[in-house]
Amino acid sequence: MRSFEARYRLERRDFTLDVDLRLPSSGVTGLFGASGSGKTTLLRCLAGLEPAAVGRFAVNGLVVDDTDAGARLPPAERGIGVVFQEPRLFAHLNVERNIRYGEKRRRREAFVGFDEIVDLLGIDKLLARKASALSGGEAQRVAIARALMSAPRLLLMDEPLASLDQRRREEILPFLEDLHARLPIPMVYVSHQLDEILRLADALVVVEGGSLLASGSLSELLADAGQVGLGSANAGVVLEGVTHAPGDEYGMTPVATPAGVLWVTGRYAAETPLRLIVRANDVSVSIEPLAASSIQNSLVARIVRLDEEAGATLLLVLDVDGQNLIARITRRAAANLGLVPGRTVYAHIKSAAVRRHRMSGHGLPADP
Amino acid sequence: MTDLGPLILSLKLAVVTMAILLVIATPVAWWLANTRSALKAPVQAIVALPIVLPPTVLGFYFLVFLSPNSTLGGLWVDATGSSLTFSFTGLVLASIVYSLPFAVQPLLSAFEALGRREYEAAQTLGASRLDAFASVVVPLALPGFLSAAVLSFAHTLGEFGVVLMVGGNIPGETRTVSIAIYDHVESLDYASAHTLSLILLVTAFAILLALFALNRPRPARA
């Protein structure tokens, strides 16, 4: 799988952005970092909106920036769509003409038509409205539709949900998941909310203080969450699977994963590709099978190693049929149970704690 | 019967000045709204000078720099055969400078209030900078353009001191309405002075009324 290389340096009075990274050329790449870490600035460099930035960036073989060679495409010629934090709709145009603005000016074959985009974002009833008469959530959906209609090679989203309240966020996230699943367009999704990124991203870039802290696939970075700035509480593994039966009468669905069948909450149709995130905090182990337990998922696992952590806990790395799981347990429990590498244990995963997200139908980016 | 020639000349001067000013003031105001250059403050000060300087001072400098004996005035005479001072062209030049702040300031305020958000968004949607400006910034900043047009028109219409210094009093060429009124009063022809003054008063009121009516605050943006 190809990737886009981006190298940028931008000095401000109180801040320097200096990154050199690879972005997968398909799927969603989450760009994560605290406020002021340089995420938005980096995104603006990619879009060509920071004239003072120096560096190099090529998208699908098109060099959009090579400032050493004096080459720099204006934003309009990059074919890079941007969804900003605020919708930035054009108040003098109605919704439809906002969406058509990019269509009139696009320089590439459309990969998706107007009707499909309108349908995808659920804005068919808003088309005749004035842009100023929309709610925040509606306006942001229109902004996404408008960016897609310009047929970008790459879509950048800069915390598109940041200005919305929690309810509006929940209203838009499914649309974003749909986009991801249905459109063959690589996206970079900036957020300081790890939740959103875990829901949408296939790969992750973490920035801190204007520098690259880590980058890689979601599973690589989650396994090392504490070390790569994601917070040790988020340490875990990513399991990619497919539902192998429709949801049952209890509202649960079995998912076939490399670690075996896991029951997760939520009803899904059979054959739905899902990505499960199993956090180390939600996995416990026992030496004997648990007889009468509320735990729905118990897997036979072999201990690979014990990773020491600061404090009273450690991370137990387990192997289940070649798939890793991570369990966070206390050192006391490890000592009392005599947990050592090579030993066989039962790993228990609480169904209600497993995060599950629909996955892209376009394949996942391989590591560069 | 009052001669309406001066009134028509004033209107012509105001329209020509306004049209040229919009062309000049738009890039100046856009640059001022977006630049972080150290030149911003000096440029702003120069643009604002005509507000504080007595028109006679401005007129005096025009007289000096536009006269056929000056470099600029001499070149103009060589090129066209006519003088810039005491001519309609000279009046237009003087009026452009005299009314420049009244065109730049409303545009600058409008551009600053709008910011670069929509302009950037338009560019990421495939619009060149000029296209983004014309198709997004201009319509969104339209009240600013309207104010700039009306204020520069009205200000030029009411100009007196500069015209007196640069243009003199040549009927059909530089005898604007304010000069004509002054002349009428000097020659104690109060009836003609009344007629022209009243027309000017009503015109100015109608223009300002239209400006304020059209510039009512729009509904807050989402």
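These numbers were taken from a predicted model, which means no experiment stands behind them.
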Verdict with reasoning, A/S35 to A/H192, per side chain to side chain donor-acceptor pair (under 3.5 Å): CA-CA 7 Å; A/S35 303; A/H192 67 278; 4.7 Å; no

Selection from A/P87, A/P152, A/A151, A/S150 maximising heavy-atom pairs under 4.5 Å formed with chain B: A/S150

Greater than 12 external heavy atoms within 6.0 Å of A/R97's CZ: no

Exercise: identify the closest heavy-atom pair between A/D202 and A/G27: OD2-CA, 3.2 Å

Presence of salt bridge, A/R141 and A/E138, under 4.0 angstrom: no

Heavy-atom proximity to chain B below 4.5 Å, by part of A/E77: neither

Top contributor to chain A interface from B/S135, B/G126, B/A127 [non-hydrogen pairs under 4.5 Å]: B/G126

Contact class of A/R146 relative to chain B, heavy atoms under 4.5 angstrom: both

